[in-house]
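Working notes for the structure below.
First listed ligand is number 1; within each ligand, the first listed atom is number 1.
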Amino acid sequence: DLFDRVTVGTLADRLLRLLEQAVADPTRPIAALELLDEAEQARLTEWNNTHRPIPATNVVEILAAQTTATPDTTAVVTGSTTLTFAELAHHTNQLTRLLTQRGVGPDDIVALAIPRSAEAVIATLAVLTAGAAYLPLDLDHPTERLEFMLHDANPTLLITTSTTPPIPGNHPHLILDSEDTQAELAALPDGPPDTTEIQGDHAAYVIYTSGSTGRPKGVILTHTGLTHLYRDHERHLYTPVAHRLGRRIRALHTASLSFDSSWEQLLWLIAGHELHILDEYERRDADAVVTYTRDHHIDTLDITPSYTRQLLDAGLLTGTWTPPLLLLGGEAIPPALWTELRAIPETEVVNYYGPTEFTVDALTARTSDTTTPVIGHPLDNTQAHILDKHLNPVPNGTPGELYLSGPQNARGYLGRPTLTAERFTANPHGTPGTRMYRTGDLARRRTDGHIEFLGRADD
Ligand code: AMP
Ligand code: MG
């Protein structure tokens with residue numbers, strides 16, 4: 001009753017294969033015996049063959065090309081401001097000049113303590129354009145944590161605003177909206193700033209992860225990672241969705257900028273779509289988010305399953321306007337929610353799984369793919385490995401730990417070589433010299449090829 005014929009046959013075959021190898025060479029450690037046959041190994045390799053060459057560029061250049069193509073189109077909408085792509089570029093370029101004058105360049109870290117606003121997006125883009133990496137500071141975090149992050153990351157510059165609560169320490173800083181800064185910015189020449197060329201392995205941002213397993217650690221993510229995430233999404237989301245709807249997409253920015261999932265939303269802007277930014281109060285109020293979505297005909301939101309639950313209860317998918325696309329991620333989608341979302345054919349729902357250490361997303365599935373929750377299959381150019389404790393692939397259906405490899409892998413933890421070596425290990429299943437990130441998540445590959453998330457290994 002427990003096993004079907006095929007499964008029992010496979011188990012018997014594996015046992016025989018193990019015994020044959022053991023008697024052929026009794027000195028071989030048990031962990032070195034091959035459990036999978038050649039056909040199974042070939043299927044795994046094929047499944048991970050996600051290779052797709054992409055042009056050597058970066059999100060800064062992609063946005064610049066977009067600005068040239070559609071300068072007068074609306075790029076950013078906030079409660080108080082609307083910016084076209086040309087206006088966004090103008091402000092970004094001026095701030096970039098100022099940063100460059102202050103000596104900000106490749107592999108410098110610039111901390112951002114700016115309340116959610118168009119200015120926060122401009123500052124983010126300016127730091128990237130200057131070739132540096134931004135470190136987002138969440139102003140809601142306890143002072144000790146902000147102090148720790150600033151001490152640990154030692155940023156070249158800290159950008160704040162006059163409404164930012166005081167930040168401890170005496171880091172060199174720039175008050176974005178002060179009269180002095182505004183005068184300085186206004187006096188700068190217009191046009192694209194003269195910056196160092198961005199290299200793929202330059203850091204783009206540093207994000208501190210929760211540190212539930214120790215003290216917080218800054219993950220260093222690169223331009224290469226972001227570019228690959230962008231190209232995957234361009235192929236599977238931006239282009240097909242814009243084609244399906246026959247127009248530009250209106251995306252709602254709700255995530256805190258101190259979470260990497262805010263890229264899920266910023267990338268719509270890079271792709272030439274319209275980004276609506278909710279302020280700190282609006283984004284926390286489910287009714288306000290639903291009302292905004294309806295009033296502004298928002299096409300897509302990127303939200304956690306828990307937040308989705310709240311928004312559904314507030315009527316997200318039952319009003320006069322239904323967003324055609326929802327992106328979910330950050331935690332497992334409960335089976336009941338998966339089923340509920342499948343029942344709404346007008347709305348396409350995409351599940352994204354990924355740790356901060358792998359540039360936002362590594363695996364993806366759509367609720368239309370299967371009747372039960374899965375995290376699916378790897379993004380373009382990403383490989384997912386489900387391994388046992390000896391780093392051997394486990395057979396389909398068997399739980400193992402999930403490892404990720406590919407260009408979206410982080411550079412490592414800031415100033416933590418030992419921890420980096422522990423979590424980013426040599427990759428025995430890929431190109432020699434590449435590394436895998438050990439996620440600490442348990443997963444299983446189903447016979448239909450989709451990966452199922454089974455929780456944390458270190459719960
Ligand atoms: P963070 O580094 O803060 O983005 O957290 C990453 C962790 O969140 C992953 O290692 C998973 O444990 C969990 N997670 C993220 N996305 C998903 C998802 N779509 N389904 C299940 N768990 C997820
Ligand atoms: Mg994440």
Could you say whether the N/O atoms of Thr356 and ligand 1 ever approach to under 3.5 Å?
yes
Nearest heavy-atom contact between Leu128 and Ile198 is O-CD1, 3.3 Å
Using a strict threshold of under 4.0 Å (side-chain N to carboxylate O), is an ion pair present between Arg444 and Glu452?
yes
May I ask you to say whether Glu234 pairs ionically with Arg231, meaning some side-chain N is under 4.0 Å from a carboxylate O?
yes
Going by the atom numbers of ligand 1, which of them fall below 4.0 Å from some non-hydrogen atom of Asp441?
9 (C), 10 (O), 11 (C), 12 (O)
Record the part of Ile375 in heavy-atom contact with ligand 1 below 4.0 Å; permitted values are side chain, backbone, both and neither.
side chain
Look only at interatomic distance and state if Pro355 has a nitrogen or oxygen under 3.5 Å from any nitrogen or oxygen of ligand 1.
no
Least distance between heavy atoms, Thr67 atom then Phe85 atom:
CG2-O, 3.5 Å
Proximity of Arg456 to ligand 1 by residue part, where a heavy atom lies under 4.0 Å:
side chain
Pair Thr10-Thr7, side-chain donor/acceptor within less than 3.5 Å
no
Salt bridge between Glu340 and Arg309, side-chain N to carboxylate O under 4.0 Å?
yes
Under a 4.0 Å heavy-atom limit, does Tyr352 contact ligand 1 with its side chain, its backbone, both, or neither?
backbone
Please list, in number order, the atoms of ligand 1 under 4.0 Å from a heavy atom of Gly354.
4 (O), 6 (C), 15 (C), 16 (N)
Give the atoms of ligand 1, by number and element, whose distance to some non-hydrogen atom of Ala332 is under 4.0 Å.
20 (N), 21 (C), 22 (N)
How about Tyr352 and His233: are their ring centres within less than 6.0 Å of each other?
yes
Under 3.5 Å between any N/O of Asn351 and any N/O of ligand 1: does that happen in this structure?
yes
Contact partition for Phe453 relative to ligand 1, non-hydrogen atoms under 4.0 Å:
side chain
